[in-house]
> 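Pasting a structure below so you can have a look.
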Amino acid sequence: MFALVDCNNFYVSCERVFNQKLEGRPVIVLSNNDGCAVARSNEAKALGIKMGAPLFSLKELIKQHSIVALSSNYALYGDMSNRVMTLLREFSPSVEVYSIDEAFIQMNGLAGQWESLSLLGKTIRQRVKMWTGLPVCVGMAPTKTLAKIANHLAKKRSEFQGVCDLSALSEAERCAYFCSLDVGEVWGVGRRIAQHLHNMRIDTVEDLRNANTQLIRSRFGVVMERTVCELQGMPCLALEEMTPPKQQIISSRSFGSMVCSYDELREAVASYLLRAAEKMRAQESICCAVHVFIETNRFRVNDPQYANGVTIPLTEATADSRRLVAAALYGLKRIFKAGYYYKRAGVILMQLSPAAMRQSTLFGHASIQDDVIMQTVDSINKRFGRSAITLASAGVHHGWHMLAERRSPCYTTQWDDVPAAR
DNA sequence: TCTGGGGTCCTAGGACCC
DNA sequence: TCTGGGGTCCTAGGACCC
């Protein structure tokens with residue numbers, strides 16, 4: 001048995017833990033650069049605000065209903081997420097952190113300690129609420145795909161009160177619920193495949209569950225076939241407790257304002273690279289290639305458009321920021337064209353491998369000293385804040401920096417922002 | 001004025017090998 | 001009349017997830 005624990009309206013709920021005034025009001029949290037709504041309170045959903053709706057299209061609605069729109073505060077959400085995951089591990093050692101706001105728990109062996117699975121689910125729900133202030137829902141079932149559906153029911157159907165054990169339902173009840181859910185609700189069925197399935201008259205979760213697996217495989221491939229098997233109760237996806245190291249690391253941002261000068265673009269690319277390289281060193285990897293890309297604002301259809309990217313292979317795998325920045329800026333020079341307004345840039349560190357298995361080249365430069373320098377820079381930045389030590393090429397003014405005009409304080413990660421109890 | 005960011009997996013097709 | 005068979009590796013593109 002798997003349980004899926006998923007926080008409700010996670011970003012909004014994090015904000016509410018520290019700001020009581022947000023309770024009961026429509027609240028949305030915006031994507032980077034204050035662009036789109038990426039989290040919505042139930043009140044905001046009730047007003048019809050869609051996931052990903054651009055902020056400018058909501059201006060009227062926001063004024064009309066006094067909706068609170070906040071910039072995203074990932075320092076806060078990441079820390080709250082860690083608290084929830086730590087708490088879940090007290091229930092079971094087998095926890096897969098699937099995303100910032102949800103985790104799968106393997107329940108095997110736990111059933112004996114609890115009167116019923118649903119009591120365990122309720123306890124998880126209560127304890128997370130009490131210890132972190134965050135509301136969660138729990139779905140339980142014999143496969144991960146079914147646990148996802150159980151969680152969906154726990155959230156949407158009030159009769160479950162936040163906890164749904166699919167295996168406790170009668171076959172008739174289960175069937176009725178599955179018939180009421182659109183096939184697009186299934187984990188692994190996105191927009192394109194949902195449309196394709198509808199064309200085949202596979203409309204509900206129940207329809208997909210009863211579909212011919214061979215036909216599904218021939219039309220959609222092995223991934224969708226597994227999904228159907230999982231819906232039938234046959235586990236195809238295991239719990240993944242160990243997160244494998246990332247195979248690539250991306251760092252990119254939209255600019256807060258349009259950028260047309262090469263110098264500004266260079267600063268941005270160098271800054272993004274430093275962040276990506278720091279992440280790469282944190283997972284003890286090195287990379288063999290750096291990809292740089294830049295693009296204009298594709299939404300301004302009347303502006304001249306240009307987007308390009310280039311991959312720069314490295315002669316020797318490295319995690320040294322100085323070498324990586326040099327490669328990225330060399331790439332940028334090759335793709336930069338003057339006369340355009342750029343809106344976004346980014347870098348991708350590719351072909352990652354474990355640093356411990358570095359293969360030197362005959363005339364290579366890698367030295368222990370370089371590693372020590374990078375380690376030192378990382379530990380200083382960790383202690384004194386990001387960019388306490390940086391490269392000059394990353395600049396200091398950052399006029400292109402993304403917008404975050406309504407960001408809440410870092411209540412749990414900055415001493416100066418810790419709320420006072422009076 | 002104004003539309004996010006960061007990932008994974010699978011497949012098809014091309015290049016190449018013997 | 002008429003030109004094999006079996007592989008690997010890499011990449012781009014398409015799908016999905018949050």
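Residue numbers begin at 1 in each chain, while the letters A, B, ... track the order of the sequences.
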> When all nucleic acid strands are considered with a 4.0 Å heavy-atom cut-off, which category describes A:Ile250: base, sugar-phosphate, or nothing?
sugar-phosphate

> Categorize A:Arg226 for me: base, sugar-phosphate, or nothing, with a 4.0 angstrom heavy-atom threshold over every strand shown.
sugar-phosphate

> Tell me whether the count of non-hydrogen atoms from other residues, nucleotides or ligands lying under 6.0 Å of OH in A:Tyr306 goes above 12.
yes

> Check every strand shown and say whether A:Ser72 touches a base, only sugar-phosphate, or nothing at a heavy-atom separation below 4.0 Å.
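If one applies the 4.0 Å heavy-atom cut-off, A:Ser72 turns out to touch nothing in the nucleic acid.
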
> Walk along DNA chain B from 5' to 3' and tell me the first and last nucleotide with an atom closer than 4.0 Å to a non-hydrogen atom of chain A.
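From 5' to 3', the first and last contacting nucleotides are B:dT1 to B:dT11.
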
> Using the side chain to side chain donor-acceptor pair (under 3.5 Å) rule, pick out the option among A:Arg275, A:Glu278, A:Arg281 that qualifies with A:Ser321.
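The passing option is A:Arg281.
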
> Applying a 4.0 Å non-hydrogen cut-off, can you work out what A:Gln248 is touching in the nucleic acid: base, sugar-phosphate, or nothing?
base

> Please check if the distance between the ring centroids of A:Phe160 and A:Tyr177 is under 6.0 Å.
yes

> Is a side-chain donor-acceptor pair under 3.5 Å present for A:Asp182 with A:His198?
yes

> What's the separation between atom OG in A:Ser285 and atom CD in A:Gln351, rounded to the nearest 0.5 Å?
13.0 Å

> Describe the nucleic acid contact of A:Val186 in one word from base, sugar-phosphate, nothing, applying a heavy-atom distance below 4.0 Å.
sugar-phosphate

> Could you check A:Pro245 against A:Gly35 and say which one's nearest nucleotide on DNA chain B is further toward the 5' end?
A:Gly35

> Give one of base, sugar-phosphate or nothing for A:Leu30, where a contact means two heavy atoms less than 4.0 Å apart.
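The residue A:Leu30 makes no contact with any strand.
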
> Indicate, with a heavy-atom threshold strictly under 4.0 Å, whether A:Ile100 touches base, sugar-phosphate, or nothing.
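Here A:Ile100 touches no strand at all.
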
> For DNA chain C, what are the stems built from at least three Watson-Crick or G-U pairs in a row, each pair having both distances below 3.5 Å?
B:5-18 with C:5-18

> Could you pick out which residue, A:Asn297 or A:Ser252, lies toward the 5' side of DNA chain B when each is mapped onto its nearest nucleotide?
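Mapping each residue to its closest nucleotide by heavy atoms, the 5'-most match is A:Asn297.
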
> More than 12 non-hydrogen atoms from neighbouring residues, nucleotides or ligands closer than 6.0 Å to CD on A:Glu284, yes or no?
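For A:Glu284, atom CD is not crowded (no more than 12 foreign heavy atoms under 6.0 Å).
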
> P atom, C:dC18 versus B:dT3: distance in rounded Å?
25 Å

> Distance from A:Glu264 atom CD to A:Tyr342 atom OH, nearest 0.5 Å?
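Going from CD on A:Glu264 over to OH on A:Tyr342, the span is 13.0 Å.
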
> With a 6.0 Å cut-off (strictly less than), is the heavy-atom count around CE of A:Met200, excluding the residue itself, greater than 12?
yes

> Once you apply a heavy-atom cut-off of 4.0 Å, does A:Tyr98 come out as touching a base, just sugar-phosphate, or nothing?
sugar-phosphate

> In this structure, are over 12 heavy atoms from other groups packed under 6.0 Å from A:Tyr74 atom OH?
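More than 12 heavy atoms, drawn from other residues, nucleotides or ligands, come within 6.0 Å of this atom.
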
